[in-house]
**Q** 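The structure's right below; bear with me while I get my questions together.
We're numbering straight along the sequence, starting at 1. No hydrogens, no waters, no symmetry mates; every other heavy atom, side chains included, goes into these values. Atoms within each ligand, like the ligands themselves, are counted from 1 in listed order.
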Amino acid sequence: MMNNRSYYVTTPIFYPTGLPHIGTAYTVFIADTLARYHRKLGEDTFFLAGTDEHGGNIAQKAQQEGVSPQEYVDRFAEGFINCWKELGISNDYFVRTTDQKHIKFAQDLLQKSFDAGDIYPGTYSGWYCSSCEAYISEGDLIDGKCPNHPTKEPVFTEEKNYYFRWSKYQEWLLDLYERNPKFVQPDKWLAYVKDFVAQGLNDIPVTRANVSWGAKVPFDPEQTIYVWYDALPNYLSVLNFPGHEGFEEKYWPEAVHVIGKDIIKFHAILWPAMLKSAGYEPPRQVFTHGFFTVNGQKIGKSNDNAISPVDLSNKYGTDAVRYALLSEFRVGNDGDFSEERLVVKYNTELAGSWGNLLNRVIHLSITNRLTDFDAEEEFEKLVTSFTERYHQYMLEGEIFDALQAALELASYGNKYITDQKPWEAKEGEAIQVLSNLRYLLKELNDLYLPILPESASKAVKALDANEKVILFPRLE
Ligand code: MSP
């Protein structure tokens, strides 16, 4: 099945200053699920992940480790690439901002804004947090410290640099949100963005004089492009890389940017304005999710809880990890991860429900030598009421609710088999009940395919071949 729509989904490009943890894996699982779902719909899909490798913070870290910035980012970028591979992430490309092709594009973009009169020289002074690579406004400081890095001293900095005329785009942005009420999802994050813009935008510095690790400003080589003006263009630069001929026409402005709420201002307010200034269309959507804590604690080195998703996946299987994260709360909200909960949910909602139903139906199919999937019309309609709900949710990116719909269908199947007792019925009756169940399972497997791909592929094969399989061995 092919339709002629194209779909483009991105993850944030992560700072390669450590290895992925549960929080970063969460973003990537959302994007991977959406990519798989849209591919399945037959849409021409492009799924992008990557790393954000420039800036003073990275240069500082490299220095601390006694290696060059390039060596430093090479090492960690490889860590990200391998991690996504090990987790079976289906990204079509991995972009790195140190790639010359990207640098060239980011420079061209800045030049276009410069030519449009939107970049002008100035000086800037303020409290700079090197961990955020950002100036923190006076009002945001908590006891003189960065709210995100309370153990770090922000430094009062003054420098010459170039500003982006962000303020010029206030009305245009408000109009964009009005015309595209789904531009930021979920709704509460659109409300946040509108409110922020309505209060007025200040022009911002987009270059740095003191940082050398980055792309040079094309019209002033003394200056380096400041991180966000270097990072955000990755979403568009890759569409122009050699081998990607025709991608820009095909995938822009289709982009759905999956991001965490911490970077919503940059994606929903700065990026569209940058694009407009340089003559491009804004992306389709900024899809914003909330944050995970682990056992009630913020994820971070200081809390020593940056659990590796690969370690968890080796222990429980990748789908168990995907399920634990994607079924915990609705996109946009915050929540907590714990291994105990992973185990409970795995046993009850996966092994006890879908896995159990699959076992029972394959077992009975073997004893009855049944291979068809011919459900009665009424039964088929009933199953469709679940699958339609699932699809509505998936099209909105509401994976949490889609998973609930799938779980309800699995529970319905288990109840139906228990009520109908096909093992007791006379032969003909048993067979119709079983065919209904086989149809239900075929549909159910299909619903799980984009979300829990490994298990669902196994389930599809086992059901097709009537081969016994333990989809989710019970965990103690
Ligand atoms: N490099 C920038 C992004 C540039 S995109 C053009 C950046 N990188 S980051 O490495 O700090 O990653 C931030 C993203 O990681 C968040 O937006 C979010 O998607 C994800 N998360 C980091 N910690 C997280 C949690 N604790 N929970 C959920 N997501 C988390 O910002």
**Q** Taking side chain as C-beta onward, heavy atoms only, is Lys345 less than 4.5 Å from Ser327?
**A** yes
**Q** Tell me if the CD atom of Gln63 is crowded by more than 12 foreign heavy atoms within 6.0 Å.
**A** no
**Q** Crowded around Lys188 NZ? As in, over 12 foreign heavy atoms under 6.0 Å?
**A** yes
**Q** Could you tell me how the ring of Tyr448 sits relative to the ring of Trp354: parallel (under 30°), tilted (30 to 60°) or perpendicular (over 60°)?
**A** parallel
**Q** For atom 10 (O) of ligand 1, find the nearest protein heavy atom and state the residue, atom name and distance (0.1 Å precision).
**A** Tyr15 N, 3.0 Å
**Q** What atoms of ligand 1 come within less than 4.0 Å of a heavy atom belonging to Gly290?
**A** 28 (C)
**Q** For Phe291, is at least one N or O under 3.5 Å away from an N or O on ligand 1?
**A** no
**Q** Does only the side chain of Asp262 get under 4.0 Å from ligand 1, or the backbone, or both, or neither? Count heavy atoms.
**A** side chain
**Q** Compute both the distance and the angle, then confirm whether Lys101 meets the cation-pi test with Phe241: under 6.0 Å from the six-membered ring centre, within 45 degrees of the axis.
**A** yes
**Q** Quick one: does Trp228 get a heavy atom under 4.0 Å from ligand 1?
**A** yes
**Q** At the 4.0 Å heavy-atom cut-off, does His289 count as touching ligand 1?
**A** yes
**Q** Heavy atoms only: which of Asn57, Ile13, Val258 is nearest to atom 3 (C) of ligand 1?
**A** Ile13
**Q** Do you know the tightest heavy-atom contact between Pro218 and Leu110?
**A** CD-CD2, 4.2 Å
**Q** Check whether NZ of the Lys or CZ of the Arg Arg341 lies under 6.0 Å from the centre of the six-membered ring of Tyr346 and within 45 degrees of that ring's axis.
**A** no
**Q** Can you list the ligand 1 atoms lying under 4.0 Å from a non-hydrogen atom of Thr27?
**A** 18 (C), 19 (O), 20 (C)
**Q** Which of the atoms of ligand 1 are close to Thr24, meaning less than 4.0 Å from one of its heavy atoms?
**A** 15 (O)
**Q** Judging by distance only, is a nitrogen or oxygen of Ile263 under 3.5 angstrom from one on ligand 1?
**A** no
**Q** Under 4.0 Å from a heavy atom of Pro12: which atoms of ligand 1 are those, numbered in the order shown and with their elements?
**A** 5 (S), 19 (O)
**Q** Quick check: Tyr235 and ligand 1, any N/O pair under 3.5 Å apart?
**A** no
**Q** Are any of the N/O atoms in Gly260 less than 3.5 Å from those in ligand 1?
**A** yes
**Q** Once rounded to the nearest 0.5 Å, what's the spacing between atom OH of Tyr280 and atom CE of Met274?
**A** 11.0 Å
**Q** Nearest protein heavy atom to atom 27 (N) of ligand 1, by residue and atom, and its distance?
**A** Phe292 N, 2.9 Å
**Q** For atom 15 (O) of ligand 1, find the nearest protein heavy atom and state the residue, atom name and distance (0.1 Å precision).
**A** Phe14 CE2, 3.3 Å
**Q** For ligand 1, which atoms, with element, lie under 4.0 Å from some heavy atom of Asp52?
**A** 1 (N), 2 (C), 4 (C)
**Q** For Phe80 and Trp84, take the angle between the two ring planes, folded into 0 to 90°, and tell me which bin it lands in: parallel under 30, tilted 30 to 60, perpendicular over 60.
**A** perpendicular
**Q** Please say whether more than 12 non-hydrogen atoms of neighbouring residues, nucleotides or ligands are located less than 6.0 Å from NZ in Lys85.
**A** no
**Q** Determine whether the side chain, the backbone, both or neither of His267 has a heavy atom under 4.0 Å from any heavy atom of ligand 1.
**A** side chain
**Q** Between His21 and ligand 1, which part of the residue brings a heavy atom under 4.0 Å of the ligand: side chain, backbone, both or neither?
**A** side chain
**Q** Could you tell me whether some N/O pair between Tyr26 and ligand 1 is separated by less than 3.5 angstrom?
**A** no
**Q** Count the heavy atoms of every other residue, nucleotide or ligand shown that sit under 6.0 Å from CD of Glu222, and state whether that count exceeds 12.
**A** no
**Q** Please check if the distance between the ring centroids of Phe329 and Phe292 is under 6.0 Å.
**A** yes
